[in-house]
Amino acid sequence: MTDIAAPGHQSTELDRVVIRFAGDSGDGMQLTGDRFTSASAVFGNDLSTLPDYPAEIRAPAGTLAGVSAFQVHISDHDILTPGDSPSVLVAMNPAALKANLHDLLPGGTLIVNSDAFEERNLTKAGYAENPLGDGSLKAFTVYEVPMTSLTVEATKPTGAKPRDAERSKNFFALGVISWMYTRPTEPTLEWIQSKFGNNQTVAEANTLAFKAGYNFGETAELFESNYQVKPAALEPGLYTQISGNVAVAYGLIAAGQLSKLPVFLGSYPITPASDILHELSRHKNFGVRTLQAEDEIAGVSSAIGAAFAGHLAVTTTSGPGIDLKSEAIGLAVSLELPLLIIDIQRGGPSTGLPTKTEQADLLLALFGRHGEAPVPIVAAKTPAHCFEATIEAARIALKYRTPVFLLSDGYLANGAEPWKLPDVATLPDIAVPFADGPNHDRGDGTREFWPYLRDPETLARPWAIPGTPGLEHRIGGLEKADGTGNISYDPANHEHMVRLRQAKVDGIADDIAPVELDDPDGPGGAPVLVVGWGSTYGTIAAAVRRVRARGLKVAQAHLIHLQPFPPNLEDILGRYDKVLVPEMNLGQLAFVLRGRYLTNAQSINKVQGLPFKAAEIESAIVQLLESNP
Amino acid sequence: MTDIAAPGHQSTELDRVVIRFAGDSGDGMQLTGDRFTSASAVFGNDLSTLPDYPAEIRAPAGTLAGVSAFQVHISDHDILTPGDSPSVLVAMNPAALKANLHDLLPGGTLIVNSDAFEERNLTKAGYAENPLGDGSLKAFTVYEVPMTSLTVEATKPTGAKPRDAERSKNFFALGVISWMYTRPTEPTLEWIQSKFGNNQTVAEANTLAFKAGYNFGETAELFESNYQVKPAALEPGLYTQISGNVAVAYGLIAAGQLSKLPVFLGSYPITPASDILHELSRHKNFGVRTLQAEDEIAGVSSAIGAAFAGHLAVTTTSGPGIDLKSEAIGLAVSLELPLLIIDIQRGGPSTGLPTKTEQADLLLALFGRHGEAPVPIVAAKTPAHCFEATIEAARIALKYRTPVFLLSDGYLANGAEPWKLPDVATLPDIAVPFADGPNHDRGDGTREFWPYLRDPETLARPWAIPGTPGLEHRIGGLEKADGTGNISYDPANHEHMVRLRQAKVDGIADDIAPVELDDPDGPGGAPVLVVGWGSTYGTIAAAVRRVRARGLKVAQAHLIHLQPFPPNLEDILGRYDKVLVPEMNLGQLAFVLRGRYLTNAQSINKVQGLPFKAAEIESAIVQLLESNP
Amino acid sequence: MTDVSVPVTTKKDWTSDQEVRWCPGCGDYSILTAVQMLMPELGDTRENTVFVSGIGCSSRFPYYMNTYGIHSIHGRAPAVATGVAVARPDLSVWVITGDGDGLSIGGNHLIHALRRNVNLTILLFNNQIYGLTKGQYSPTSEVGKVTKSTPFGSIDHPFNPISLALGAEATFVARTHDMDRKHMQEVFRRAHRHRGAAFVEIYQNCNVFNDGAFDQILSKEARPTNLIPLEHGQPIRFGADHEKGVIVDGQGKARIVDVADVGEDAILVHDEQRAEPGLAFMLSRLATGPYEPTPVGVFRAVDRPTYGEEVQRQLVAAQERQGPGDLAALLRSGATWEV
Amino acid sequence: MTDVSVPVTTKKDWTSDQEVRWCPGCGDYSILTAVQMLMPELGDTRENTVFVSGIGCSSRFPYYMNTYGIHSIHGRAPAVATGVAVARPDLSVWVITGDGDGLSIGGNHLIHALRRNVNLTILLFNNQIYGLTKGQYSPTSEVGKVTKSTPFGSIDHPFNPISLALGAEATFVARTHDMDRKHMQEVFRRAHRHRGAAFVEIYQNCNVFNDGAFDQILSKEARPTNLIPLEHGQPIRFGADHEKGVIVDGQGKARIVDVADVGEDAILVHDEQRAEPGLAFMLSRLATGPYEPTPVGVFRAVDRPTYGEEVQRQLVAAQERQGPGDLAALLRSGATWEV
Ligand SMILES: Cc1ncc(C[n+]2csc(CCOP(=O)(O)OP(=O)(O)O)c2C)c(N)n1
Ligand SMILES: Cc1ncc(C[n+]2csc(CCOP(=O)(O)OP(=O)(O)O)c2C)c(N)n1
Ligand code: SF4
Ligand code: SF4
Ligand SMILES: [Mg+2]
Ligand SMILES: [Mg+2]
């Protein structure tokens with residue numbers, strides 16, 4: 001395995017490469033990265049991406065705060081993460097260089113837009129000396145390309161003013177990198193046409209800039225070599241590239257189809273969840289209703305109303321929105337109505353780091369409501385897995401008539417990976433029947449409807465929707481008598497209901513997939529078990545691979561269901577003396593495992609708004625392996 | 001110890017008695033109970049009370065739903081609970097009888113208003129037969145007193161219409177019981193004058209009814225005996241009777257005085273917390289500002305504003321309000337401003353049982369915010385202890401510049417006990433200085449103000465309030481650079497700040513009282529340790545007494561600080577093989593102790609909107625003592 | 001509304017089996033009766049009717065209606081009901097709220113439901129007090145009111161619910177009171193018929209915590225002189241002999257006058273359908289509180305597309321344009337490649 | 001306000017050391033400059049000035065002012081600021097909010113701060129879009145607006161912030177825009193001087209997500225014909241040659257007319273101090289959106305006791321009546337007994 005794309009000769013074959021595009025927020029780095037990714041995807045590489053952008057729409061140009069970056073890992077075999085550290089860094093200005101250089105692997109390739117390294121920008125970035133001249137970049141292979149002026153030159157035929165023409169320089173950079181990694185140019189050229197088609201000047205400028213960059217690579221005798229990363233031998237099938245948020249949106253549309261219910265989304269915009277609302281609102285032809293509510297409370301409340309009315313009801317948000325929705329989620333627990341609550345976690349507390357990733361809302365999802373108000377929790381592990389996880393969450397909500405949390409995070413939301421499209425026909429049927437008649441005998445032979453009479457197996461109550469004659473009923477947040485659903489202040493009934501709501505959630509354990517244990521030596525074979533949840537999956541798996549590559553033994557289990565836990569979890573935990581839980585928080589899952597099973601779970605934590613690097617987890621595993629028991 | 005006030009002769013001495021007054025919501029039972037309690041307090045008994053009333057203002061008269069009850073335990077020695085079961089039940093109507101009879105001890109005394117046992121009322125209460133005639137009350141000593149007609153008769157001199165006159169019948173009942181338990185009549189007569197003085201007809205009617213009841217006891221040859229419960233040998237001092245909510249209000253006023261800060265309360269009414277708002281708003285002469293906000297979010301937000309402005313800021317609510325305040329509490333964590341959040345817990349989830357008690361918000365207080373947002377938690381253990389606990393919570397908030405939770409519950413809020421008044425001069429000084437000048441050297445000899453520069457010991461940041469020249473600064477919910485407080489997206493700084501906020505809270509452990517261990521045989525002496533928190537204190541202590549009275553060994557520890565835990569807790573837990581945690585929830589503290597210390601804590605739970613009975617905990621302890629290790 | 005012919009019903013059919021639990025004498029009873037008696041006339045079926053409320057004494061209302069119903073959480077009824085109405089435009093959705101529930105904690109949801117013109121019939125029981133929590137002042141309580149939370153008198157200037165609703169773009173705004181069943185029913189009928197959000201303020205007596213709050217205008221004697229009935233197309237006149245009237249002067253000032261002084265023709269003619277709400281707003285300011293001549297009836301009733309219909313329209317348009325959703329096609333709608 | 005004489009300051013003194021982080025060309029810049037330049041004139045000290053904001057592009061404002069400031073959470077600025085103002089009536093408290101922050105999630109706090117007349121100067125940056133979250137429609141976006149969350153056009157009828165504020169009992173209501181520093185400063189000065197809650201809507205261009213939203217009235221060419229300046233005591237006239245004016249007819253309808261047609265005397269004279277807000281409301285409805293002649297300036301400015309003063313008054317009264325608080329006496333104020 002080559003970690004670094006070392007400069008070589010004519011055309012070198014690489015098994016993988018990690019490239020980071022970095023520039024000013026206004027430089028279009030996300031677009032550039034995205035395009036490179038798409039071209040690589042269509043080319044057949046396996047890949048994984050990591051966008052990273054500032055909270056401001058456009059932070060001051062040229063400053064560190066304004067730097068926007070996009071990292072992509074492409075490979076000829078299946079990979080699990082966007083890569084710990086790039087081996088190639090494209091830096092469009094000094095600030096981008098400064099903010100990202102420390103991540104570049106020693107010996108890595110650095111391509112800079114030399115035009116941008118003038119005094120003003122250097123000062124803004126806090127450079128006393130121009131790093132291009134002071135020898136501080138010795139450790140890297142540096143290519144200085146005057147991208148701005150070359151772009152202006154190349155786009156002259158469009159007649160655009162230099163200020164406007166400059167804006168195509170990201171396409172110039174894309175061209176250079178596309179040449180360097182022998183990407184096909186057609187998909188990008190086509191995409192430029194379709195994306196900017198309504199503004200031909202811009203389309204033409206971008207096309208010219210892209211071609212100029214590509215040709216620059218080929219003709220300028222600057223680069224010693226270009227590189228090939230062959231298509232990956234992925235499982236055969238039809239693939240598309242998908243981000244977590246789009247996968248959630250597709251998952252919701254799919255869940256609607258699979259349950260034969262109209263989807264209702266009540267939501268309020270918030271980073272990094274808004275894109276689910278955006279995506280869903282484009283698919284009204286599926287009968288999807290999206291309501292941009294006045295706030296998060298109205299978002300979830302309207303969803304509760306829609307659930308009562310018989311829709312597959314959903315609310316999407318991020319941490320601060322979950323805080324606000326807590327009271328209404330408690331109502332949904334009490335009403336026992338199906339409801340999906342989707343939390344795209346971001347850096348907290350409070351407004352925190354809104355555009356960064358974190359997984360610190362697990363305890364909030366578990367416990368963030370007054371009283372005893374248990375709610376099942378499902379967590380997605382990769383961008384594409386968001387699709388499946390969404391359907392699973394919907395399945396549980398519908399079958400058990402309960403609100404269900406789906407946890408994702410900023411990293412999954414915006415990260416992308418190739419997704420082998422499922423055969424729609426094989427997706428599960430998650431339809432549940434509505435109540436259609438009375439269900440209880442009054443004792444005198446006449447029948448009536450009891451809204452809280454339960455299915456003895458699932459403990460779910462009937463879902464009787466308005467429009468059904470004879471099933472009129474009233475429900476509310478006051479404690480209810482089990483069965484009739486009438487208000488009840490009876491002490492024994494309250495205890496019964498509190499325990500019953502918990503039992504209903506606990507009982508779901510029998511209806512979910514057991515957690516998969518990856519231990520080549522069978523359960524208990526390795527001395528250390530790594531348990532994770534959510535977006536750390538790929539990184540943990542990569543770390544586990546690395547540890548095994550060292551000839552050491554380690555087991556991995558990744559939880560999709562956080563409440564209830566899969567029934568085999570306790571047994572698995574019991575088989576390992578050392579349990580390591582990597583989390584992007586201060587140890588939330590670890591705490592729960594300890595409290596639930598008295599397992600001496602140990603934490604490795606990273607709370608930096610950034611995903612773990614495989615190396616970090618690798619070294620924690622190794623350390624634990626080496627520690628005394 | 002006599003458990004039952006058995007009928008005897010002339011005047012019998014009792015060491016304690018538990019009396020329950022029960023009637024329709026409109027019958028004034030809370031008032032009656034309260035008066036009896038006050039008279040007993042002034043008389044010198046130790047006592048403890050348990051009000052229990054419906055959620056409706058006035059549920060339909062005569063129905064079970066409309067029954068309101070008040071239990072009082074009076075004693076000649078110090079007691080800990082309002083009593084498991086009454087030995088005397090006053091039932092003003094059939095519904096009150098039906099709803100309460102099952103609690104009356106076998107052989108207990110039952111005094112009924114026989115006038116109310118007519119067909120309509122019997123039907124409403126769901127009696128097919130009149131229980132007064134069908135022999136179903138054989139197990140009790142029943143006194144049938146036509147209270148309504150006797151009251152109407154007695155109050156004739158006032159000229160009131162019978163319908164109005166009837167309303168004094170609770171004073172008749174009070175008179176009967178006052179005679180029966182030889183209470184002094186003067187305090188009650190005076191109180192009637194002062195309370196109803198502005199309506200002389202009513203005052204007179206109540207006086208006449210009360211006297212008539214008293215005389216009825218003395219003259220009607222119905223009662224075999226009356227009883228004496230001597231004053232208790234309490235610690236010498238000046239006593240008053242206090243409920244938890246008033247104690248909180250007084251605690252806040254005291255904290256204001258002790259910190260030399262004006263108190264600001266931003267609150268929204270909610271049962272059972274509203275009375276704190278009511279009480280505080282009466283004491284504006286202490287410079288206390290109370291704002292009835294438009295909702296809970298505005299309540300806490302305004303308090304945050306007041307804290308920024310230099311006030312001792314407080315917000316009071318119950319569970320549903322905490323849900324809503326979550327986001328703003330997270331902001332306060334990020335702003336590092338002092339703030340008291342007072343949660344008077346009630347039955348949940350959702351609207352639940354609004355007038356009933358529960359202690360199911362502990363995990364919410366610990367974890368109910370997105371991101372890592374730790375907040376110290378203090379819990380009161382008795383009504384009077386609310387005073388001290390409030391001051392302690394304020395002390396922590398001010399010293400560490402952090403929001404602090406104070407947990408109370410419906411039982412403490414409305415329950416009352418005698419309180420030995422503290423010497424005001426001995427209360428702690430909790431004043432903290434405001435920042436008054438720059439605190440950081442720019443490096444060039446000039447000084448500036450850094451709002452997030454910390455006290456190395458407490459890790460508290462300076463509290464610089466508007467009006468202080470030169471300390472102008474801006475703070476917000478985005479992540480801040482430690483020191484300067486400027487917005488920072490730096491990954492390492494974020495991790496630093498997340499850990500620092502946790503460390504600040506954890507560090508408080510060194511500044512709180514160790515948890516007291518009650519084990520006559522020294523630490524680890526008993527085979528079972530009972531750990532509790534909040535309002536279960538009295539009941540657990542009573543149960544422990546009972547277990548010890550059986551000659552068995554058991555230890556008790558009651559937590560006032562729930563976050564951080566006292567530093568000696570881990571050691572104490574480690575000394576006991578069996579740890580029992582009684583809670584009015586499904587085991588929240590037990591879960592936290594397990595997760596934190598891997599202690600195999602076992603739960604006994606009661607979630608009925610009612611406090612434990614000492615007998616319930618007693619039997620759980622005995623069972624655990626007898627179980628195999 | 002479904003097409004099927006609606007079976008004939010009576011009040012009893014619309015009454016649930018739950019015992020009513022308001023204080024004896026509470027104004028809520030007469031409102032409940034008015035609604036229960038009216039329902040059979042409205043042409044809806046019970047199964048297609050949903051009552052949604054928040055928390056408060058008034059919010060217990062849905063329990064007493066033999067229809068579908070949600071007793072939700074404090075202040076959120078308009079939001080919950082918006083979900084019901086948007087999901088199911090075929091239903092008749094009512095919101096029951098109080099002056100605390102609807103104007104304090106729930107004020108935002110209320111004004112947004114009004115501006116969106118969600119198809120809801122909103123009844124706000126205004127008793128100028130918090131009943132359920134035992135007597136704190138509310139956003140409609142008068143300045144100086146002594147309550148449990150304001151022992152020295154409230155200092156909050158109250159909302160005028162009619163003005164607030166008009167300021168929030170409401171298309172239907174009316175006021176009635178618990179002392180006049182016929183008037184209530186007439187107003188409720190109009191509100192129900194209105195397409196979009198219909199807002200009705202009901203003056204309601206809380207005889208336990210705020211008894212007599214409306215006596216100055218609602219007592220039998222006071223009504224003729226202190227209620228100003230609004231009737232579309234009619235000059236605005238009142239008084240035992242219709243001797244009083246309302247005019248607007250050239251500086252946009254509405255005033256109460258003796259008709260005799262200005263002549264009948266000068267009297268303002270009520271126009272509830274006027275596109276812009278200025279007039280309705282001006283009328284809402286005639287009285288500064290329920291202690292002087294106060295307009296009752298429909299202030300405003302104008303047409304505007306309803307939120308539910310527009311949602312539906314976009315769904316239909318999307319289907320027409322894109323065809324019904326095809327999941328397999330959606331999944332492959334991005335760039336795809338075969339491995 | 002303190003009594004000490006206020007030192008002379010310049011814009012620079014009011015400018016913090018934090019780099020301004022709005023998009024180049026954003027209308028927020030000119031508002032910031034207007035405020036920073038105005039501050040030295042207002043007579044407050046920096047230490048007695050507090051800026052409180054919620055979340056949004058506009059809500060970054062406090063970071064750029066060298067005063068005390070809180071960048072709070074989304075929608076809650078009016079509530080946070082109420083706490084500051086009630087605790088400390090000596091401070092000058094400003095609220096900075098956006099159309100999403102102030103009218104969507106924060107609508108309720110805004111209307112309650114207005115009705116209470118809390119002493120706040122509230123600047124609402126209305127760009128008719130959510131800027132910070134990258135372009136969803138807001139409660140002031142026009143019907144049909146295509147945004148990220150409304151790919152087929154918004155169906156929500158927008159709020160008119162001026163109407164809403166007036167419906168919420170606001171005592172000071174004004175509108176200005178980011179293209180005219182002088183006008184902004186005049187309006188801000190008036191708002192600041194007002195005792196109580198002063199509400200100012202500022203039309204603000206978001207050149208990234210909603211560029212040109214106000215061009216139809218704010219472009220250099222459009223202003224004379226499409227801005228109607230409101231000046232107290234002056235006939236309401238506009239147009240390049242003041243040829244247009246506003247009248248109210250006997251049926252309470254305000255209309256734009258050619259002055260020549262009706263005569264100068266018929267033109268409505270603006271009265272911002274009129275006790276009842278009907279006229280101001282009517283003026284707020286002259287334009288249904290920023291694409292036709294739209295009034296700017298002060299719609300309403302009336303006196304009413306401020307919340308902070310009343311709180312203070314009750315504190316003082318209580319002290320006078322009960323004497324300063326005595327803790328020991330309080331604790332023994334109930335029934336006590338000696339053991
Ligand atoms: C989140 C929340 N906050 C507070 C309460 C307490 N609460 C219940 S009803 C109510 C006010 C009721 O007033 P109103 O809406 O006027 O109804 P009314 O009882 O007068 O009919 C309050 C404060 C609650 N149930 N939930
Ligand atoms: C509780 C919460 N919900 C949502 C958000 C996301 N959010 C931040 S600003 C904003 C809207 C901003 O719009 P506006 O107030 O108009 O300000 P602008 O950016 O246009 O100046 C939203 C939805 C948040 N930060 N917090
Ligand atoms: S408290 Fe008032 S509003 Fe509530 S039920 Fe009783 S009388 Fe009616
Ligand atoms: S997104 Fe719009 S409002 Fe926000 S800073 Fe940029 S231009 Fe201004
Ligand atoms: Mg009310
Ligand atoms: Mg905006």
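Protein chains get the first letters and strands the later ones, always in sequence-line order, with residue 1 at the start of each.
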For [X], is it the side chain, the backbone, both or neither that has a heavy atom under 4.5 Å from a heavy atom of chain C?
{"X": "A/Phe308", "result": "side chain"}
{"X": "A/Leu421", "result": "side chain"}
{"X": "A/Trp191", "result": "neither"}
{"X": "A/Phe43", "result": "neither"}
{"X": "A/Ile242", "result": "neither"}
{"X": "A/Asp423", "result": "neither"}
{"X": "A/His473", "result": "both"}

Give the member of C/Val52, C/Ile73, C/Thr82 that has the highest number of heavy-atom pairs under 4.5 Å with chain A.
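Option with the greatest count: C/Ile73.
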Restricting to non-hydrogen atoms, name the atom on C/Trp337 and the atom on A/Pro418 that form the minimum distance, rounded to 0.1 Å.
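Heavy atoms only, the tightest pair is CZ2-CB, 3.6 Å.
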What pair of heavy atoms forms the shortest contact from A/Ile465 to C/Tyr68, and how long is it?
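So the two residues come closest at O-OH, 3.2 Å.
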Do [X] and [Y] have side-chain heavy atoms sitting under 4.5 Å apart?
{"X": "C/Arg60", "Y": "A/Leu478", "result": "yes"}
{"X": "C/Met65", "Y": "A/Glu472", "result": "no"}
{"X": "A/Asn486", "Y": "C/Tyr63", "result": "no"}

[X], part contacting chain A, at a heavy-atom distance under 4.5 Å:
{"X": "C/Tyr307", "value": "side chain"}
{"X": "C/Ser333", "value": "side chain"}
{"X": "C/Arg115", "value": "neither"}
{"X": "C/His112", "value": "side chain"}
{"X": "C/Ala81", "value": "neither"}
{"X": "C/Gln312", "value": "side chain"}
{"X": "C/Gln322", "value": "both"}

Using side chain to side chain contact (heavy atoms under 4.5 Å, CB included), reason through A/His283 and C/Leu330 one step at a time and then give a plain yes or no.
CA-CA 9 Å; A/His283 301 290; C/Leu330 173 70; 3.2 Å; yes
Spell out, as yes or no, whether a donor-acceptor pair under 3.5 Å connects the side chain of [X] to the backbone of [Y].
{"X": "A/Arg474", "Y": "C/His71", "result": "no"}
{"X": "A/Thr240", "Y": "C/Arg332", "result": "no"}
{"X": "A/Asn285", "Y": "C/Ala318", "result": "no"}
{"X": "A/Arg289", "Y": "C/Val86", "result": "yes"}
{"X": "A/Tyr250", "Y": "C/Leu331", "result": "no"}
{"X": "C/Arg76", "Y": "A/Ser301", "result": "no"}
{"X": "C/Arg88", "Y": "A/Pro466", "result": "yes"}

At a heavy-atom distance under 4.5 Å, which candidate from [options] has the highest pair count against chain C?
{"options": "A/Gly44, A/Gly266, A/Pro262, A/Ala254", "answer": "A/Ala254"}
{"options": "A/Gly477, A/Ala233, A/Pro469", "answer": "A/Pro469"}
{"options": "A/Pro236, A/Ala298, A/Gly476, A/Gly467", "answer": "A/Gly467"}
{"options": "A/Gly287, A/Ser38, A/Ala41", "answer": "A/Ala41"}
{"options": "A/Val288, A/Thr290, A/Thr468, A/Val300", "answer": "A/Thr468"}
{"options": "A/Ala309, A/Pro231, A/Gly237", "answer": "A/Gly237"}

Under the side chain to side chain contact (heavy atoms under 4.5 Å, CB included) criterion, do A/Asp295 and C/His109 qualify, and how do the steps go?
CA-CA 9 Å; A/Asp295 65 8; C/His109 307 302; 3.5 Å; yes
Residues forming a salt bridge (charged side-chain N to carboxylate O under 4.0 Å, His left out) with [X], sequence neighbours excluded:
{"X": "A/Glu327", "answer": "none"}
{"X": "A/Glu417", "answer": "none"}
{"X": "A/Glu190", "answer": "none"}

Which residues, numbered in order, of residues 328-335 of chain A come under 4.5 angstrom of chain C by heavy-atom distance?
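Result: A/Ala328, A/Leu331, A/Leu335.
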Are C/Asp326 and A/Gln257 close enough, and set up right, to give a side chain to side chain contact (heavy atoms under 4.5 Å, CB included), and what steps lead you there?
CA-CA 9 Å; C/Asp326 172 341; A/Gln257 301 281 304; over 6 Å; no
Using a 6.0 Å cut-off, check whether atom CD of A/Glu235 has over 12 heavy atoms from anything other than its own residue.
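Not more than 12 within 6.0 Å, no.
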